[in-house]
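What follows is a set of notes on a single structure, which appears directly below.
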Amino acid sequence: MYIDPELLAELDEEQKQMLFCKMREEQIRRWKEREEKLEKEERDNKKHNKVNKKGGRKVDFLNGKDGQPWTWVMGDHPHDKSIEQILEEEAQSTAKNLAEREAAATIRKLQEEDELVSKLRNQNVTERETEKVVEQIWKQNLLWTAASADAKKTSSQPEPAHQTISSSSRVTQPERRQQPQDTKAPLRKNLNPNTVSCVMSVKEKRSSEIFQSLKLDRQKSIDEAEKQTLKIHSFWVEQETKAKQEEEKQRLLAKKAREDHRRSMRKLKTESQIIGTFVVGGLAVFGTKPTPGTASAPLGRPPRPSSKQDVIRWFRETELPKGSGLEPKTKKLAEYFHGMISRERAESLLDAQPHGTFLIRLSDKVWGYGLSRKGESGEVKHYLIDVSPNGFSFFGTNQPVYSSLAEFVTNYQAKSICLMETLLLQHPCPHDPEGKKECEDLIRPNSSDCEVLCL
């Protein structure tokens, strides 16, 4: 619907609202009117059975007493035939039709042969020449019969009816020789009654043969289908068995993993309880031998240091008597050992040094040491050194263990710390004056914890 803009501009807001409502009502009225018209046309089309299809074709269903399309489910009614009976009747009908066609072809062939003989006699052909022509026809039949017999060996189809009839027609050859040599004998349009009866008997026999052949073919198809079904079924059973075995294997692996996890958790819980029992007021109570070859803290010590003071006390009481951080011969401060310094300070010390420079410091995260090394790219990498009752080694599995920290450093000065690339501890990082004084105070046997903390 259209409204002139000039007319719309003359209306106030209230009038515009009323106009909009009226226009909307008019649109709804027109829509309802159009819908009613379409519904009426559809009802008229159904009433007059007008189908808008090409050529005016339509499909009508047979309706039952209830007015709905009539349906038949085979086998529901008591008088319904089984599928085997229906297939057997179909095979009999097919066999009968084939036998009739073969019998008709045989009769037509015999009629053509009689017509040819009569035609030759009317043309004043001698009996000897006529017999030659008939013998040629019989030879052709014999050749065709032999070819069909060869084909029969490789096929399940029985012998066609006209082959049998040809043999019966050959029996009548002496009778034809005994007929008078009347070249003007009338044309015989009808066959000998004996020949016709022979054809009919052969047709019945042929029908039975075809029926048996069809039954054998059907049974063979059923057997092949059953074999294929069994083969597919056995294949799927085998696949299902393999899938179940694999699933059971995965289930056992998952169960074993859960049991191992629970066992390890119970072990850790027991160890933590033992550690809590032997730690009194933050002081170690000794008397239990630690587990060799493990990275965990020995009994009488928390798994992790709680403060720097604990780390310094551990170093003085446990590591310093073993000569850690000292030169083996002079028992003086080793050049690579920098005591209790932070990660950032270690990086600043190595920043101005060449690649391959390293230092060892006390770690505040584990009961052990930290190794800081400067690489070729200038990046400083940090490694944790584990201290266990067996010795010193990198954290991880299957790591070589050394009896002292000095032996650890000496070994990795000649051997790479990484398998993928060559990373040697080439140059120990020199001390700055302040750091050297702190390290000397740390290794001084008579210095107190308070002095170290003040430093």
Side-chain angles (χ1 to χ4, degrees), residues 1-94 96-98 214 217-255 257-258 261:
M1 301 179 69
Y2 175 77
I3 301 296
D4 191 355
E6 296 180 358
L7 178 61
L8 190 62
E10 298 295 331
L11 303 177
D12 56 11
E13 292 298 326
E14 185 178 357
Q15 290 174 336
K16 288 180 180 178
Q17 292 291 336
M18 293 179 61
L19 179 62
F20 173 77
C21 293
K22 293 293 182 182
M23 291 174 64
R24 186 60 180 168
E25 289 176 358
E26 180 64 20
Q27 288 177 349
I28 293 174
R29 187 190 66 80
R30 293 182 181 180
W31 177 78
K32 288 182 178 180
E33 195 175 288
R34 185 170 62 252
E35 290 294 320
E36 290 176 357
K37 183 178 179 181
L38 291 175
E39 289 179 0
K40 184 179 179 181
E41 290 179 355
E42 288 180 0
R43 287 195 299 268
D44 293 342
N45 289 338
K46 289 182 179 179
K47 183 176 179 180
H48 297 289
N49 293 327
K50 293 182 178 179
V51 182
N52 297 325
K53 290 184 179 180
K54 185 177 180 180
R57 296 179 181 179
K58 62 180 181 178
V59 177
D60 292 330
F61 293 96
L62 179 63
N63 294 329
K65 294 181 180 179
D66 55 355
Q68 298 298 325
W70 181 80
T71 57
W72 169 61
V73 180
M74 186 174 64
D76 282 357
H77 196 273
H79 299 295
D80 287 345
K81 299 178 181 178
S82 62
I83 185 64
E84 290 78 9
Q85 293 175 343
I86 294 174
L87 291 176
E88 186 174 356
E89 291 180 357
E90 183 180 358
Q92 289 178 351
S93 177
T94 304
K96 184 178 180 181
N97 293 334
L98 289 174
L214 293 176
D217 291 343
R218 179 169 169 268
Q219 187 62 37
K220 185 178 179 181
S221 301
I222 293 174
D223 294 341
E224 291 179 355
E226 290 179 353
K227 289 180 181 179
Q228 188 68 18
T229 303
L230 291 175
K231 184 178 179 181
I232 295 173
H233 178 70
S234 60
F235 172 77
W236 282 111
V237 168
E238 182 181 358
Q239 294 296 321
E240 185 179 6
T241 304
K242 290 182 180 179
K244 288 183 177 179
Q245 292 176 353
E246 188 65 25
E247 184 179 357
E248 184 66 21
K249 183 179 179 182
Q250 295 296 331
R251 189 183 295 110
L252 292 175
L253 290 176
K255 183 179 179 181
R258 288 194 298 268
H261 176 69

- Full working for salt bridge (charged side-chain N to carboxylate O under 4.0 Å, His left out) between Glu33 and Lys37: CA-CA 6 Å; Glu33 195 175 288; Lys37 183 178 179 181; over 6 Å; no

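- In this structure, the separation between CD on Glu89 and OG on Ser93 is 9.5 Å, given to the nearest 0.5 Å.
- For the residue pair Asp223 / Gln219, a side-chain donor-acceptor distance below 3.5 Å is found, with atom types taken as modelled.
- Other residues, nucleotides and ligands contribute at most 12 non-hydrogen atoms within 6.0 Å of the CD atom of Glu14.
- When side chains are defined from C-beta on, Glu240 counts as touching Lys244, because their heavy atoms get closer than 4.5 Å.
- Counting heavy-atom neighbours within 6.0 Å of Glu90 CD, excluding the residue itself, gives a total of 12 or less.
- The backbone N or O of Leu230 sits less than 3.5 Å from a side-chain atom of Ser234, completing a donor-acceptor pair.
- When the shell of 6.0 Å around NZ of Lys16 is examined, it contains more than 12 heavy atoms from other residues, nucleotides or ligands.
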- Query: How far apart are the C-alpha atoms of Leu87 and Glu84, what are their side-chain angles, what is the distance that settles it, and do they pass the side chain to side chain contact (heavy atoms under 4.5 Å, CB included) test?
  - Reply: CA-CA 5 Å; Leu87 291 176; Glu84 290 78 9; 5.9 Å; no

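- By the 4.0 Å N-to-carboxylate-O rule, Glu26 lies close enough to Arg30 to be salt-bridged with it.
- Rounding to the nearest 0.5 Å places CG of Asp217 at 7.5 Å from NZ of Lys220.
- The closest side-chain heavy-atom distance from Thr229 to Glu226 is not below 4.5 Å.
- For the atom pair CG of Leu62 and OG1 of Thr71, the computed distance is 10.0 Å after rounding to the nearest 0.5 Å.
- The existence of a salt bridge linking Glu36 and Lys40 is excluded, since no basic side-chain nitrogen approaches an acidic carboxylate oxygen closer than 4.0 Å.
- Using a 4.0 Å cut-off between charged nitrogen and carboxylate oxygen, Glu246 and Lys242 do not count as a salt-bridge pair.
- Surrounding CE of Met23 are more than 12 heavy atoms belonging to other residues, nucleotides or ligands, all under 6.0 Å away.
- A 4.5 Å side-chain heavy-atom check between Leu214 and Arg218 finds every atom pair outside the cut-off.
- The pair Lys227-Glu224 does not count as a salt bridge, with every side-chain nitrogen at least 4.0 angstrom from each carboxylate oxygen.
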